[in-house]
Amino acid sequence: MVVVTVFVESTLWFMNCYYNYGPDGETEEYVKPFLQDEFPKEGDEFIGALYYSVEGKFRMRAFLATMGFNMIMSVCMSVIMFCSYTIVSHIRSATAQWSGKAKTVQLQLFRTLIAQACIQTVLLLFVRPAPHMITGSSD
């Protein structure tokens with residue numbers, strides 16, 4: 001189930017990027033001067049969302065693409081929660097047959113995995129990379 005979910009979600013993620021975040025006329029007109037100034041030797045290929053046009057009109061396509069990414073991440077997190085609940089339920093029902101040491105080791109492993117997942121999620125969502133790490137300068 002997890003492998004199928006990862007395959008389907010990564011395919012949907014790619015398609016959403018390729019078809020909905022790809023450059024169109026308005027986005028190219030808005031972003032191209034910046035790309036040429038900041039990255040003169042690079043190509044003109046980019047993906048990104050422009051939520052408002054130069055005239056100030058709301059662009060629904062970019063908004064729906066972002067909501068598509070949010071939906072994909074929600075499904076992914078739901079699968080993680082479902083699998084976690086299933087694993088915990090199975091472990092709780094199977095622990096009656098385990099020795100005390102096996103229960104202790106299993107609980108320690110479970111807590112370590114939960115801590116690892118939480119730390120990665122916090123770092124991914126809330127810690128902003130320092131600009132000098134990305135660009136090589138301290139500006």
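The shown structure was predicted, so the numbers you read here are calculated from the model rather than taken from an experiment. Side chains are part of it too, since the values below use all heavy atoms of this structure and drop only hydrogens, waters and symmetry mates.
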Return the minimal non-hydrogen interatomic distance between Lys103 and Trp98, and the atom names on each side.
CE-O, 3.7 Å
Other residues, nucleotides, ligands: >12 heavy atoms within 6.0 Å of Met71 CE
no
Do the side chains of Tyr19 and Met67 join up, straight or via other hydrophobic residues, at under 4.5 Å, putting them in one cluster?
no
Is there a side-chain contact between Leu107 and Thr104 in this structure, where contact means two heavy atoms from C-beta onward sitting under 4.5 Å apart?
no
Is there a path from Phe39 to Tyr30 through hydrophobic residues (I, L, V, M, F, W, Y) whose side chains come within less than 4.5 Å of each other?
yes
Side-chain donor-acceptor contacts of residues 114-126 below 3.5 Å, not counting sequence neighbours, with atom names and distances?
from	atom 1	to	atom 2	distance (Å)
Thr121	OG1	Ala117	O	2.8

Gap between atom CE of Met81 and atom OG1 of Thr86 - 0.5 Å precision
11.0 Å
Side-chain heavy atoms of Met77 within contact of Ile80, under 4.5 Å:
yes
Nearest heavy-atom approach of Ala65 to Asn20 is CB-CB, 3.4 Å
Which heavy atom in Pro33 sits nearest to a heavy atom in Glu28, and how many Å separate them?
CD-O, 4.4 Å
Could you tell me whether the side chain of Arg61 reaches within less than 4.5 Å of the side chain of Asp24, counting heavy atoms only?
yes
Can you pull out every ring-ring contact (aromatic ring centres under 6.0 Å, His included) where at least one residue sits in residues 47-70? Sequence neighbours excluded, please.
Trp13-Phe69, Tyr21-Phe69, Tyr52-Phe58, Phe58-Phe63
Do Met73 and Val4 belong together in a cluster built from hydrophobic side chains that touch within less than 4.5 Å?
yes
Answer with yes or no whether the hydrophobic clustering places Met15 together with Val6; edges join I, L, V, M, F, W, Y residues whose side-chain heavy atoms lie under 4.5 Å apart.
no
For Tyr85, which fellow cluster members are found when Ile, Leu, Val, Met, Phe, Trp and Tyr are connected by side-chain heavy-atom distances below 4.5 angstrom, either directly or through intermediates?
none
Least distance between heavy atoms, Glu26 atom then Leu50 atom
O-CD2, 4.0 Å
